Structures are given as structure tokens and as C-alpha cells.
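Just so we're clear, the structure is a prediction, and the values are computed from it rather than from any experiment.
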Amino acid sequence: MRKNFLPVVLAASFFSATASAQQVNVICSVQADWCNLIATTYARTTGVKINLALKGSGEALAQLIAEKENPKTDVWFGGTGDPHLQAAEQGLTLEYKSPTLAQLYPWAQQQAEQSGYRTVGIYSGPLGFAYNTELIAKKKLPVPRSWADLLKPEYKGDIQVANPASSGTAYTMIATLVQLMGEDKAFDYLKGLHQNVSQYTRSGTGPIKAVARGETAVSISFVHDAPQEKMQGFPVETVTPAEGTGAEIGSMSIVKGARNLEQAKKFYEWALTPGAQAFGAAAKQYQLPSNKATVVDPNVPDFKKIKMINYDYKKYGASAERRRLIARWEKEVNSIPR
């Protein structure tokens with residue numbers, strides 16, 4: 001823990017020590033340990049109190065919409081990038097061009113540019129498959145290596161994926177398949193996959209937890225969620241599909257009409273520093289941080305070894321496109337009896 005603490009102290013040192021009476025209201029859409037680590041350290045090193053609200057990205061967007069006329073939030077930190085792009089599209093977040101942008105990976109800068117600088121990428125993680133090594137061996141199932149493999153009849157009842165209506169992970173899967181195959185072929189694929197799915201979970205992390213605990217053999221998940229399960233002793237491995245895959249870009253936005261705007265900007269800048277971004281791995285979350293200078297934990301997936309599609313975040317992050325694809329999935333896929 002201490003090896004991650006020093007750079008954060010240095011990163012925070014440019015804040016005024018007279019800020020002790022200040023506060024910033026943050027909706028945090030990453031895991032609770034990560035949120036709490038950020039809040040505790042930021043308060044300790046800057047004297048600025050963080051009022052933290054833990055919400056999934058869908059809930060966070062709903063709150064910003066509900067509070068549009070009288071915002072109670074200053075910064076929205078983390079969660080899949082699509083809802084952040086929707087918030088930008090709806091004018092819920094503030095245009096802010098960080099001087100730190102040049103230090104970030106191109107995908108993080110692109111997220112900012114495509115939103116009109118109303119959000120920015122803070123981490124990324126690839127979509128793939130997780131599997132329970134013991135269950136795969138016991139059932140004599142092959143390890144799935146491709147999207148096509150998941151349609152094989154031997155996987156019937158042994159696959160879990162989240163519901164795209166409630167999960168950014170699952171929506172990323174649909175958008176990935178549409179870009180990879182073309183929309184009609186992607187929906188034909190999803191109909192075939194439906195026959196092998198035992199359960200659509202509400203949360204994107206639900207399927208990989210089910211894999212870890214031996215409740216299902218295979219999940220479609222963000223592969224950076226696996227190391228934490230392995231550290232707890234569960235027999236989990238991951239693979240990314242041979243045809244290509246997409247990735248989430250976790251994002252951060254300043255809320256338009258923020259009551260504590262100057263403190264919001266200071267927190268935003270701090271959160272883009274290498275020291276602050278090291279807290280993801282310190283909390284056992286293994287997405288790739290967006291600042292190129294951040295020390296990358298060995299558990300973070302190596303993007304150089306993964307076949308990535310050229311994911312169109314602007315198109316598939318738009319509210320109308322998301323609603324349309326999810327409605328089509330509900331009508332044409334989820335309605336089919338299994």
C-alpha cells in the first residue's frame with residue numbers, strides 16, 4: 001500500500017493547505033474499496049472533504065437527469081463511458097479541457113474530444129470470457145476461444161452474461177458484436193447465444209462471480225475482473241475472442257452547475273495524475289489507467305496481446321442508439337423461450 005501512497009502525496013501537494021473548509025461532492029461508480037481509498041487519501045492529503053455517493057453508472061446518470069435544475073453533485077468518477085457520453089449529449093456535464101490531456105493515452109483523449117470535452121477516459125478494460133477451470137474439466141468442455149465457440153451446443157445452460165438493459169458490460173458486448181459482424185448477423189448470433197445462456201444477471205460482475213463460485217462454466221465479462229477472484233483462491237481463467245473484441249472506457253465528468261466548481265476541477269486534475277490512478281490496482285481493480293506515466297500492475301490485461309476492434313464510442317455511446325439496440329435485444333432475443 002505504501003508504495004502507492006507517496007506519488008499521491010506528491011500529486012496532491014500543489015493544492016492549498018487552506019482548503020480545509022472546502023468539500024467536493026462525488027458520485028463514484030467504481031468498486032467501493034477504490035472509492036473509499038480515493039476519498040480517504042484525498043481528504044488526508046488536501047484537507048478537502050469528499051462527500052461520496054456510491055452508484056452504478058446507470059443510477060448515476062438517472063440522478064444527474066433528476067437533479068438537472070438543481071445539481072447536488074460536483075464530479076462523477078468512473079463507470080462505463082457510455083452513460084458519461086449520454087450525460088454530455090444531454091448537457092448535464094461541463095465542458096472542461098484539462099491541461100493533463102496530453103499525458104493520457106489516445107483512447108482517453110478521444111473520449112474527451114468526442115464528448116466536446118465534457119468527459120475524459122480514466123481507465124480501460126477489454127471484454128472477453130471467463131471460465132471455471134475445474135468445472136470445464138469436470139464437464140469435459142473445451143475452453144472457448146472465439147465468439148463462434150459460445151454457440152456450440154455443449155455450452156447449453158453453462159453461460160452467463162448480464163442483461164444489457166441494466167449492465168454496461170452487456171451493452172458493450174452487443175455494440176461489439178454489431179461492429180464486428182454487422183447488425184443483423186449480430187442479432188442472429190445473439191439469438192443463438194440465448195439458447196446457451198442460463199441467466200442474464202443485473203450486474204456486469206455477476207457472471208464472473210458465478211464462474212468463480214462454480215455456478216456456471218463460462219461468462220462474458222470484462223477480463224480485468226478476474227484477477228481479484230483468483231486472488232481469493234477461485235479457479236478462474238480468462239480469454240479474449242479470436243475474432244476481436246471491444247473495451248470499456250471508464251470516464252470522469254464535472255457536473256454542469258456544480259456547487260463546488262473550483263474544488264471539482266482540482267479533484268478532476270488530481271484524479272488524472274499517475275499517483276491517483278495507482279489506486280485502482282491498490283484496491284485490486286485491474287483496468288488500464290489512462291495516464292501513460294502510471295505504473296501498470298502486472299495483473300492488468302496486456303492490450304498488445306488482444307485483438308481489439310476499432311470501437312466507435314461516439315456512435316454506440318449515443319442515447320438513441322443505445323435505446324434502439326437494447327429495445328431490439330429485448331424484442332428479438334430476450335423474448336425467445338429457452
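To the nearest 0.5 Å, the span separating SG on C35 from CG on L54 amounts to 5.0 Å. Atom OG1 of residue T169 and atom CG of residue N163 lie 11.5 Å apart, to the nearest 0.5 angstrom. Taking CD1 from I208 and CG from D225, the interatomic distance works out to 5.5 Å, rounded to the nearest 0.5 Å. To the nearest 0.5 Å, atom CG of residue L288 and atom CZ of residue F303 are 5.5 Å apart. With values rounded to the nearest 0.5 angstrom, I122 atom CD1 is found 12.0 Å from N291 atom CG.
With sequence neighbours excluded, the residues satisfying side chain to side chain donor-acceptor pair (under 3.5 Å) with T100 are S98, E269. Residues passing the side chain to side chain contact (heavy atoms under 4.5 Å, CB included) test with K230 are V236, E237, sequence neighbours excluded. Residues satisfying the side chain to side chain donor-acceptor pair (under 3.5 Å) criterion with Q114, sequence neighbours excluded, are absent altogether. For K156, there are no salt bridge (charged side-chain N to carboxylate O under 4.0 Å, His left out) partners, not counting sequence neighbours. Among residues two or more places apart in sequence or in another chain, the salt bridge (charged side-chain N to carboxylate O under 4.0 Å, His left out) test is passed with E95 by none. With sequence neighbours excluded, no residue forms a ring pair (Phe, Tyr, Trp, His ring centres under 6.0 Å) with Y286. Taking R259 as the reference, N70 meet the side chain to side chain donor-acceptor pair (under 3.5 Å) condition, with sequence neighbours excluded.
Residues H194 and N334 meet the side-chain proximity criterion, which asks for heavy atoms closer than 4.5 Å. Put simply, the side chain of M231 reaches to within 4.5 Å of the side chain of N299, judged on heavy atoms. Between R328 and K331 there is no side-chain heavy-atom pair separated by less than 4.5 Å. I254 is not listed as a side-chain neighbour of T93, based on a closest heavy-atom distance of 4.5 Å or more. Between Y117 and L94 the shortest side-chain heavy-atom distance does not fall below 4.5 Å. Contact check for K314 versus D312: side-chain heavy atoms found under the 4.5 Å cut-off.
Less than 6.0 angstrom separates the ring centroid of W270 from the ring centroid of Y42. In this structure, the ring of W76 has its center no less than 6.0 angstrom from the ring center of Y268. Not less than 6.0 angstrom separates the ring centroid of W107 from the ring centroid of Y311.
Classification of D188 and K185 as a salt-bridged pair fails, no side-chain N sitting under 4.0 Å from a carboxylate O.
Side-chain atoms of T41 do not come within 3.5 Å of backbone N or O of I38 as any donor-acceptor pair. A donor-acceptor pair under 3.5 Å links the side-chain atoms of E89 to the main chain of S319, judged by distance alone. Of the possible polar contacts, none joining the Y189 side chain to the L151 backbone as a donor-acceptor pair under 3.5 Å is found. Counting only distance, with no hydrogens or angles, the side chain of Q160 and the backbone of A210 share no donor-acceptor pair below 3.5 Å. A distance-only check finds a donor-acceptor pair linking the side chain of N196 to the backbone of L150 [under 3.5 Å]. Side-chain atoms of W147 come within 3.5 Å of backbone atoms of G244 as a donor-acceptor pair (strictly under, hydrogens ignored). Remark: side-chain polar atoms of R338 are paired, donor with acceptor, to backbone N or O of V197 under 3.5 angstrom.
Side chains of Q263 and Q23: a donor-acceptor N/O pair is absent below 3.5 angstrom, by distance only.
Residue pairs satisfying the side-chain hydrogen bond (donor to acceptor under 3.5 Å, both in side chains) criterion with at least one member in residues 246-256, sequence neighbours excluded, are listed as follows: H84-S253, Q111-S251, T119-S253, H224-E248. Among residue pairs with one or both ends in residues 201-210, those qualifying as side-chain hydrogen bond (donor to acceptor under 3.5 Å, both in side chains) are S203-T205, K209-E229; sequence neighbours excluded. Listed by first and then second residue, the salt bridge (Lys or Arg N to Asp or Glu O under 4.0 Å) pairs involving residues 58-75 amount to none (not counting sequence neighbours). Among residues at least two apart or in separate chains, there is no salt bridge (Lys or Arg N to Asp or Glu O under 4.0 Å) pair with a member in residues 101-127. Listed by first and then second residue, the side-chain hydrogen bond (donor to acceptor under 3.5 Å, both in side chains) pairs involving residues 120-144 are K139-D158 (not counting sequence neighbours).
The side chain to side chain contact (heavy atoms under 4.5 Å, CB included) with V223 is formed by just one residue from the set T240, L127, T245, V239; it is T240.
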